[in-house]
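Worksheet: the structure to be examined is printed underneath.
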There are 2 protein chains.
Amino acid sequence: MGWYRRTMDGELEVIRRITSRAGMRAGVRVGIGDDAAVLDDGTVLALDMVVDGIHVRRATHSPGDIGHSALAVNISDIAAMGAVPVAALVGLGLPPDVGADEVDAIYEGIEALAARVGMSIVGGDVSASPVLSLSVSIVGRMSDGISPVLRSGGRAGDILVMTGPLGASAAGLMILEDPARGQGISECDDLVNAHLRPTPLVADGLHLAEAGARAMLDISDGLLLDADRLARASGLRAEIDLDAVPRAPGVDHVARAAGLDPWVVAATGGEDYQLLAAIPATTGLEPHLTAVGRLVTGSPGVVALRDGADVTPARLGWEHLGS
Amino acid sequence: MGWYRRTMDGELEVIRRITSRAGMRAGVRVGIGDDAAVLDDGTVLALDMVVDGIHVRRATHSPGDIGHSALAVNISDIAAMGAVPVAALVGLGLPPDVGADEVDAIYEGIEALAARVGMSIVGGDVSASPVLSLSVSIVGRMSDGISPVLRSGGRAGDILVMTGPLGASAAGLMILEDPARGQGISECDDLVNAHLRPTPLVADGLHLAEAGARAMLDISDGLLLDADRLARASGLRAEIDLDAVPRAPGVDHVARAAGLDPWVVAATGGEDYQLLAAIPATTGLEPHLTAVGRLVTGSPGVVALRDGADVTPARLGWEHLGS
């Protein structure tokens with residue numbers, strides 16, 4: 001298993017079933033279908049699971065890495081709304097072979113990240129389980145005067161911008177799977193660390209919301225798959241200029257060592273947790289943002305372009321259900 | 001496995017480790033250790049997991065029962081604070097042998113209960129998993145003018161009251177394990193239903209909070225174990241008069257058919273989700289409440305009394321970790 005595992009319709013289909021069934025009652029502003037839900041009072045809610053063997057691997061991730069990752073992916077969902085994380089709950093499924101030291105280290109990883117972003121772990125549950133799993137749910141708040149940035153707010157003509165380079169997490173995983181791929185480059189540790197301890201971008205998300213981003217999400221499952229989601233939610237077509245997508249230092253070397261095209265790694269790799277936002281074309285592009293495409297009218301979805309030619313792959317990214 | 005499975009220190013020990021590590025930062029009013037956490041703005045948060053083979057059994061629980069139960073235990077945690085449920089997120093761990101129809105039925109069970117209490121399912125996550133598991137987190141609100149009722153607010157001299165009879169869920173499980181135990185009584189279906197589709201008591205919790213309850217929790221793991229928790233959180237001793245504890249109709253018959261003492265089933269059975277509250281002795285006892293004991297000074301913990309004699313069992317109830 002890895003970043004290149006095949007995309008399955010499974011997860012999307014299950015979510016479609018759930019969405020069609022859920023009734024929205026009093027107090028809910030944004031329900032199922034975005035990075036997070038939003039209640040009428042500005043409470044922002046998300047839940048993401050991390051399961052050993054699916055999202056993390058005890059063979060390569062330390063217990064602290066697993067704890068960090070489980071919270072980081074949830075913080076990233078809050079950041080993608082332009083909100084600030086406040087509190088989280090942790091549901092821990094604990095197999096018999098995970099000892100007390102390992103549990104401690106998992107929570108040290110969670111707590112260190114919580115402290116870093118100024119949020120609190122306020123509760124949770126523990127259950128026996130055949131596999132190590134963490135189900136974290138998180139509560140955030142919209143800052144005063146800021147509206148949640150949904151996936152669906154993009155307009156034709158908006159520029160698509162990214163907060164940073166892609167491919168680091170995928171390259172880090174490729175090095176973990178075969179260390180020879182990282183030989184001869186100085187970025188080896190950075191790439192592995194990007195995979196094991198991803199950094200959620202709370203300040204960037206807040207800044208984009210303040211700057212008037214119309215649509216936003218975090219790139220968890222690959223740029224193309226997530227751009228496709230944003231575009232479909234907005235009822236538009238996203239054109240991504242692959243030549244414009246920045247790749248993290250060292251990614252090209254590792255991709256080639258693994259026999260892969262660097263742009264494929266960057267565009268479909270996932271788990272970098274950079275933010276992708278649609279901003280009005282009239283908004284000046286700040287130096288830390290990179291324009292990677294645009295929203296246009298047309299059949300909803302994503303188109304990947306290289307030198308102007310459509311090179312959209314059949315599989316846009318990866319999902320976590322199935323094998 | 002069943003209600004009489006042996007109590008383990010495991011779950012409590014894990015929770016102690018987590019509690020000792022969690023830092024409370026801005027915005028948190030009540031952190032780890034109660035039925036739910038409370039943020040400064042009155043947002044109430046809880047998370048409870050339901051795992052096949054531990055809390056539910058696909059052999060006896062229909063998919064709808066499993067969905068219902070997973071949400072019900074969370075609603076009960078909100079009710080135990082005197083709060084009202086607003087929204088929930090569902091993390092679904094899905095093994096390969098659970099088909100689309102079963103997923104649909106799980107969500108029908110969840111959605112039907114959500115509709116009944118007027119709350120919304122606003123998101124979640126789905127992951128492949130070796131075992132069917134649901135990790136539900138729930139958000140509630142304190143009503144205006146009502147303070148959250150913690151476990152720790154009890155005072156010496158307070159009366160301990162319960163919202164209804166105990167033992168129905170345990171007796172229902174005993175019937176599912178051996179249908180002969182339910183023969184000859186008319187309450188058979190009610191008892192099985194109490195086990196498969198427990199009813200969280202939102203109105204009762206709100207009413208007790210309005211009436212000035214000083215401490216409260218829901219009886220999830222057995223009256224004695226939960227009374228012990230309330231007493232220790234309040235730094236007091238809980239005396240429970242077992243002769244005063246009401247048992248659901250049919251429980252005595254089923255318990256005897258299983259070779260068990262009915263009071264043991266009622267006092268240690270768990271999963272009835274009745275509420276246990278400490279109210280001032282000067283508060284009049286409303287007809288739907290039953291006084292089952294009192295809080296007194298002394299070494300913190302619970303004492304079970306029969307005819308005034310201490311009959312506290314070594315194992316107070318059951319926890320979900322271990323086997």
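Chain A is the first sequence line, chain B the second, and so forth, proteins listed ahead of strands; every chain is numbered from 1. All of these numbers come straight from a predicted model, not from anything done at the bench.
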- Measure B:A114 against the heavy atoms of chain A and call it side chain, backbone, both or neither at under 4.5 Å. both

- Measure B:D52 against the heavy atoms of chain A and call it side chain, backbone, both or neither at under 4.5 Å. neither

- Query: Which atom names give the shortest non-hydrogen contact between A:S127 and B:H55, and what distance separates them?
  - Reply: OG-CE1, 3.1 Å

- Message: What residues of residues 131-153 of chain B make heavy-atom contacts with chain A at a cutoff under 4.5 angstrom?
- Response: B:V131, B:S135, B:S137, B:V139, B:R141

- Note on the structure: Minimal heavy-atom distance between B:L45 and A:L89, with the atoms involved, is CB-CD1, 3.9 Å

- Could you look at B:M119 and say if it's the side chain, the backbone, both or neither that has a heavy atom under 4.5 Å from chain A? backbone

- Query: Would you say the side-chain atoms of A:R25 pair up with the backbone N or O of B:G118, donor to acceptor, closer than 3.5 Å?
  - Reply: no

- Note on the structure: Of all heavy-atom pairs linking A:I32 and B:G123, the shortest is CG1-N, 3.3 Å

- Message: If I measure from the heavy atoms of chain A, does B:V90 come under 4.5 Å with its side chain, its backbone, both, or neither?
- Response: backbone

- Message: Heavy-atom cut-off 4.5 Å, strictly under: side chain, backbone, both or neither for B:A87 against chain A?
- Response: side chain

- Flag the pair A:V86 / B:L39 as yes when at least one side-chain heavy-atom distance between them is below 4.5 Å, and no otherwise. yes

- Task: Give, as side chain, backbone, both or neither, the part of A:D41 having an atom under 4.5 angstrom from any heavy atom of chain B.
- Result: side chain

- Note on the structure: Ranking A:V28, A:D48, A:T43 by heavy-atom pairs under 4.5 Å to chain B gives rank one to A:D48

